[in-house]
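For reference, the structure is listed below as structure tokens.
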Amino acid sequence: MKRYLRISVFAILILALVVTFAIAGCKTGTATAKGTTAKTMKAADVTIGYSVWTMEFTFFQNLEKGVKDACKAFGFKYSMLDQKSDATQMVQDMNTLVNQKVSGIVSTPVDPGAMAPAVQKARDAGIPVVCADIGKSGPVNALIISNNFNGGQLAAEFLAKLYPDKSTTFGLGNLKPQWTYARQRGEGFKAKCDELGYTVKSEIIVQNPSAEGGYDTMQQIMSAASDIKGAFFTSGREAVGAANYIKSQNGEQKVVGYNGDPEEFNAIKDGILAATVLQQPYVIGYKAVETLKEILVDGKSYENVEIPAEVKLVTPENLEQVAKEIMDSTGNSAYGAPATTTTTK
Amino acid sequence: MIKFLKLYEKIGIFILIVAASVFLAIVSPNFRNLNTILSIIMQGSYGAIIAFGMTFAITSGGFDLSVEAIMGFTSVIIAMLIPSLGFAGSIIIAILASCFVGFLNGVLITKVGISPLITTLSMQVILRGASLIITNGRQVVISQKSFMSIGASKVFNLIPTPIIYMVVLFAIFYLILNQTSFGRHVAASGSNEQAAKMSGLNVNLIKTVVYILVAFSASIVGVIRTSQTLIGIPTMAPGFTLNVLTIAILGGTSLAGGKGNLTGTLFAGIFISMIYYGLNLLNVQIFYQMLAVGITLLFALFIDGLRMKYLETAKVKGIRV
Amino acid sequence: MNENNVFIELRNIRKIFPGVVALEDVDFDVRYGEVHALVGENGAGKSTLIKILGGAYQPDGGEILIEGKPVTIAATSMAQHFKIAVIYQEFNLVPDLSVAENIFIGREPKIGKSFINWKKINTDAAQILKKLDIDINPRKFISDLSVAEKQMVEIAKSLSMDARMMIMDEPTATLTEKEVVKLFAIIEELRKKGVSIIYISHRLDEAFKLSDRITVLRDGKKIETKKTNQTSQDEIVSLMVGKVVKDYFAGKKEWTGKEEVIMEVKNYNIADSIYDISFKLHKGEILGFAGVLGSGIHHLLRSLYGAAQKTSGEVYFEGRKVEIRKPSEAINMGIGYVTEDRKGEGLLYDMSVLQNLSIIIIKTLTFFKGLFIKQKKELTVFNSMAKELDIKYANINQRIIYLSGGNQQKVVMGRTLVSDCKVLILLEPTRGIDVGAKAEIHKIMIGLASKGISIIMASSELPELVNLTDRCFVLYKGRMAAEFNRENMDEEKLVAAEIGKLSYLK
Amino acid sequence: MDDIKVGLTPKQRAGNLLGSFGLIAILLIIFGFFSLLIPKLYFTWPNLRDMIRFSSYVGIGAIGMTFCIMTGNFDISVGSMLALAGVLGASVALKAGGIFGVIITMAAATLLGVINGLFVTKLKIPAFITTLGMYFIFRALAYIYTNNNPQYIQDRFWIFLGNGSFLGIPLPIYIMALCYVIAYLMLRKAPFGRYILAIGTNSRAAALSGINVDNIKILVFTLIGVFVGVSAVLNGSMLGAANPGMMGDGYEFQVITAVVLGGTALTGGSGSLGGTLIAAMVIVFLKTGMSNAQVNSYWQQVATGLVLIVAVSLNKLKFWLIGQTQ
């Protein structure tokens, strides 16, 4: 009996809710229809929703800050959701934002291939979508992305300059296979090495996407090819771990990273890491909102546009200068403030 | 035959290692290099050390899914405290804090009676969140370079320190499990909890101490890994827990409890490292590495099942085993 | 040491379980250096009494005095504190620990504070085992021991505690003759040292050989304590059996012995337990099996149901030769089985009364080719069976563990009956249920037999066998020891045959 | 002498009430709390609709797991199974069309379930370990089969399954409801349900009642496959792609959490499908609420863990109140 009681209570509650919403939904539904037909909006009415890959990585934290700061600058309201590295959550977040009736969506997708239906839904609801970094699928308005391939090439050129001897060999610490976009960095690196006549002697996947994972991978690369002179790691944290392994072995090998996270800046400053390819997550985030502003407020049209974001090689020579530029443009220290004093988000 | 099967229980995994070594040594000259061998053992040590603790937990009839979060937690605490306390002080506090987490696990499991699965799974999520909150989601760079000597130096300019830690901890855990009354009480609690209680053992206390030991072993690895990279990493070792479980089970520790095989755990840790490391060196794609782990696991247990069956029949037939 | 000094005394001990008074105002005492035998039928309250002494149960009334001082034995560890050791029938040994470790668990000799002194623990254990003249390597694991060896380890364990009182529950049930002799020598030695022993056994001759006094329990009450040398086995047997209320068994129909044979078992053997058993079962017959622990009856009946494997032998059912490899085959043939271990393998304790009753036949009460249960039909079947067996329950969705023992037993029996079985195998059908319910179960059995269902019943309760069965076989150590029919069957003869005293029969 | 427990003490009544309505209460509290806190974002029909739609991902997969845990077993391989079935189906859909893709996904998952079941019962390897091995093997096969290329799902029929709606209610909700109705019928109205409960509560008694324990176990693992297959179809549809590395990552723990949170005992023998469904919704409702309220994502993790412990403790409280020991 109790079971039937329980089921019926639950069913009645659900039914009551559905009815409530059905009535409420009819009213609000017509309201939005009007909203989307309007060509342009006032800045004060705009809400930007941002769906971030994860807030566990410095890179994405900086990207998020760019999005948030841009919203503040343009006078937009702002709402952020965290995919927590889960593709299903990513789609869910996109839907949540549509339901929140935000005016525009910025997404940094964990699985760019798996967002097409969700993007379609947003566009059907009249909400423009801009991807900030990583990649895209579906009818996305714009994608702002650093040139991953080019970044890899820069790393190869840097190592080539250090070792003019063409018989020199290098190692490559690549990312897990499911992160297809970031593997372009490795592709760029390999292509450039090929072009310049160098050999990538050992390519190993970092099993554990974390600094200590890079440490392990460097150890493996050194076992496989002990005569390499340098290595490129396609993600910053792993590069620092790898460089620390070289240091612990008192090795001479040069490690180049990719991202420009604070720990990389610190490591370059300390002479542990040779160089890194700087992405500008803050700028990417900022630009994404700028693009949305042009669509929403200025009434410009973007469909499936790719906007490249500049990547830059950071070496000990230009380290201080780059750090200053970052400080000037974003108000953030490239070295990362001590954790105790940083403010939340 | 029976003697061999009995022996197999103890060293079965060792046979796998020998087979794998011979194979690798034949296909790649890299493996005839002492440094490579030491590197493989070193990378096996991280999983093995935590699996020592996990072996205790499984022996007592439970398991612990919060170990990877405990590693990150340790790492973060060290990084935050090192500027003010120096590395000795911060390591001690970090390990104590991790042990306290283990204590909480133990209390929730024994006193509140929540299953180990839910307790430690929740603890994993909570602790990850807490570590991220402490550092604001940042990785914390450690500026004290001498700290690196703990996990990244070599003894006699040859043997990496993690291997030393692994051997020392193996000795300690082995002594605790097999030589002390406490260790035998752990086995008793997992083997027949009712009998253990009837014999006057404080099973709740024993289990709580076991979860403290797991947390302790995880925090040791947290310290080693933090020292190697000189970064406090709140999200350290994602997905490592399943690896540790695999090592303990492959090592021959029975999930039914009561039988902990630390020697097996030690070798299984090295074996798993051999698969990943060795196949990496042979440029075998990561997918085939996973396949190898899965098949080895099933194969080892299949053989173990055959062994048990044989011993059972032998017993029924009256052969003294 | 004064022989008459009382070590432990129980006064007015009461223990009530839901639905059953297990012990009612029992007085009992044990002196120093005394072997005190405790006898009674199953369900008389012996186990409850020793569990109270061992700290596993708390009495609901009365008091316990040790050396004249009132005490509470609040936990098993407390019993150890008072140096009372209990050797239960279900062993409290840890299978994955060695013999020596089990003997000294919780009290291991140590080097320093925590390290086990393996040398000492093993030599100490070896010493104790040697004292018992047992040939077991103390380094062996318990899981590798035979049942008898485990028994000896249990004894060694309590010896090592320097116990002042030792309680032995059926210690010889699983031992060989040689081992029994050893055990008796040990008991003799313990007695000399002033250790008190409570000795529980179904084998009366053992009790007479060993004990100083014998206490008889029946239905939770103490009947009598006798000095052993002032009584006889016959007297004790009659005290144990008591006056049977013959009314319970009224209505038993006349069985002629000329009914057709429904099942025949020929030269049946099971490894290590049953040797060359043959018998015939007739339609409408109640066939009894008697025997003490270790007689192998349970193995035999389990294997007839397909729940255990025979090593050789033939079974004929309704004239056809059959192979019964698993319970479902037996069920399909029309053989039902009611276990003696109701909790361990009878009750589906998380499930309702209704679901427990219908589990065997549920696949036949379906429509759409076995997809859906005909719930109305299920209810009808349940109601008629509940009425037939007079099962008392609050509602059909009540979980079965909330029913009393008697009603649980009726449900478990009903489960088999609804499947229209022709042969019903009942193991200890009235174990652990109260007197009133016992009578009901007996009535049901008689009713079934009158309807032409054949019943094979194993019981350690002699009145049951004597009054219910048409024929009764007694098994002793796996072999057919005696066969009785209604005319020549009485309880004393059964007891004598059960304990292997066949000479008594002549 | 027969004592029939008709009257319950107030404590036991409270316990029963807690058992029946505890989890629903938690769901309503969460929903009510966030509705009051952020009414415009949370208390809207589209939000509620999508929260229920997304609970189908864990909710459907958890049906098979509920059965499995009821028999006292575990299946760790469901996440990898989801990925392998998903990529197989998606690759077929590219060549032969969506309907075939969906069929292949379902068939593959079912087959993988059968394999698990056979390994567990015939080789006598404990389910936990067998499925741990399969966890690695299935995922590896998914990678190898696709050579690590995401399989895009563009077929309109397949996309429609996860994203379309009928009468204003999304299809996944209908599908989830259908799955639960079927599962409910199996558990409560068919002999099968009795069998799995019997095996979970007392497998020896079940065997003595003539139940073929091995066959029922194989069937249970097969059903896990079937429901994971449905989940894979819907998940693939919502994502528009089957990525061998991303799909179903961490799914096993989400599913087991929902089952245990729903009140199914890990020791087997008891549990409820309704509990599992509500638990799956609790998790989604809580996550969405916290995200919408802009709770710091680190604090979200802490809160999720705490809610889990509290919810399971309530279940313990129930047993304590009823005074029932297991």
Side-chain angles (χ1 to χ4, degrees), chain A residues 2-3 5-7 9-10 13-14 17-18 20-26 28-29 51-52 54-56 78-93 95-96 98-101 110-121 125 137-138 176-180 183 344-345, chain D residues 16-17 19-21 24 27-28 31 40-41 43-54 57-58 143 148-154 159 162-163 168-169 188 235-251 272 274 278 284 287-288 291-292 294 296-298 300-301:
Chain A
K2 200 138 257 165
R3 166 161 291 121
L5 187 64
R6 187 166 56 178
I7 291 169
V9 166
F10 188 61
L13 281 169
I14 291 286
L17 274 173
V18 170
T20 318
F21 285 123
I23 297 164
C26 290
T28 48
S51 164
V52 66
T54 171
M55 285 299 279
E56 290 182 358
Y78 171 68
S79 167
M80 189 271 280
L81 300 177
D82 188 343
Q83 301 163 15
K84 300 196 182 72
S85 309
D86 179 353
T88 310
Q89 187 69 38
M90 170 187 82
V91 171
Q92 212 168 319
D93 283 355
N95 271 273
T96 305
V98 173
N99 293 335
Q100 284 185 8
K101 304 194 175 61
V110 57
D111 186 356
M115 64 190 306
V119 172
Q120 184 65 52
K121 249 188 193 164
S137 64
K176 274 196 175 176
Q178 63 257 44
W179 296 335
T180 30
R183 290 174 65 88
T344 313
K345 290 196 298 180
Chain D
N16 276 334
L17 211 62
S20 305
F21 297 106
I24 295 183
L27 183 70
L28 289 178
F31 186 74
K40 279 186 186 157
L41 298 180
F43 193 69
T44 65
W45 165 238
N47 184 53
L48 184 70
R49 182 191 64 197
D50 274 0
M51 285 197 295
I52 300 176
R53 176 160 85 102
F54 281 112
Y57 171 56
V58 169
Y143 274 125
N148 188 37
N149 292 313
Q151 305 294 306
Y152 293 103
I153 298 167
Q154 276 147 356
I159 293 289
N163 297 283
I169 293 173
R188 303 288 173 204
N235 191 238
S237 169
M238 289 184 206
L239 298 179
N243 186 330
M246 290 276 181
M247 208 178 182
D249 196 20
Y251 189 57
S272 86
I278 297 169
V284 174
K287 263 198 211 161
T288 314
S291 291
N292 273 339
Q294 295 290 297
N296 176 318
S297 65
Y298 317 143
Q300 285 186 29
Q301 294 194 24

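Values below: every heavy atom of this structure, side chains too, minus hydrogens, waters and symmetry copies. Per chain, numbering begins at 1; letters A, B, ... match sequence-line order.
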query: For the side chain of D:Asn47 and the backbone of A:Asn99, is there at least one donor-acceptor N/O pair under 3.5 Å apart?
result: no

statement: The interface call for D:Asn292 against chain A, heavy-atom contacts under 4.5 Å, is both

field: Nearest-0.5 Å distance that lies between atom CD in A:Gln83 and atom OG in D:Ser291
entry: 10.5 Å

query: So which of D:Ala241, D:Gly245, D:Gly248 has the biggest tally of heavy-atom pairs under 4.5 Å with chain A?
result: D:Gly245

query: Can you name the closest pair of heavy atoms from D:Ser237 and A:Pro117 and give their distance?
result: O-CG, 3.4 Å

message: Is A:Val52 in contact with chain D via its backbone, its side chain, both, or neither, using a 4.5 Å heavy-atom distance?
response: neither

- request: Give, as side chain, backbone, both or neither, the part of D:Lys40 having an atom under 4.5 angstrom from any heavy atom of chain A.
  value: neither

query: Between D:Gln154 and chain A, which part of the residue has a heavy atom less than 4.5 Å away: side chain, backbone, both or neither?
result: neither

- prompt: Is there a side-chain contact between D:Met238 and A:Asn95, using heavy atoms and a 4.5 Å cut-off?
  reply: no

Least distance between heavy atoms, A:Ala87 atom then D:Leu239 atom: O-CD2, 3.5 Å

- prompt: D:Asn163 versus chain A, heavy atoms under 4.5 Å apart: side chain, backbone, both or neither?
  reply: both

message: To the nearest 0.5 Å, what is the distance between CG on A:Asp82 and NZ on D:Lys287?
response: 10.5 Å

Side chain, backbone, both or neither of A:Gln120 within contact of chain D (heavy atoms, under 4.5 Å): neither

Region of A:Ala116 that comes under 4.5 Å of a non-hydrogen atom in chain D: backbone

field: Closest non-hydrogen atom pair between D:Met246 and A:Val110, with its separation
entry: CE-O, 3.4 Å

message: What part of D:Tyr143 gets within 4.5 angstrom of chain A, counting heavy atoms only: side chain, backbone, both, or neither?
response: side chain

query: So which of A:Thr96, A:Asp93, A:Thr54 has the largest heavy-atom pair count under 4.5 angstrom toward chain D?
result: A:Thr96

- prompt: Relative to chain D, which segment of A:Lys176 carries a heavy atom at a distance below 4.5 Å: side chain, backbone, both, or neither?
  reply: neither

message: Whether the A:Thr88 and D:Asn235 side chains hold a donor-acceptor pair (N or O, under 3.5 Å, no angle test) is what I'd like checked.
response: yes

- prompt: Can you tell me if D:Gln300 and A:Lys84 form a side-chain donor-acceptor pair at under 3.5 Å?
  reply: yes

- prompt: Considering only heavy atoms, which portion of A:Asp86 lies under 4.5 Å from any heavy atom of chain D: side chain, backbone, both, or neither?
  reply: side chain

query: What are the two closest heavy atoms between A:Met55 and D:Tyr298, and how far apart are they?
result: O-OH, 2.5 Å

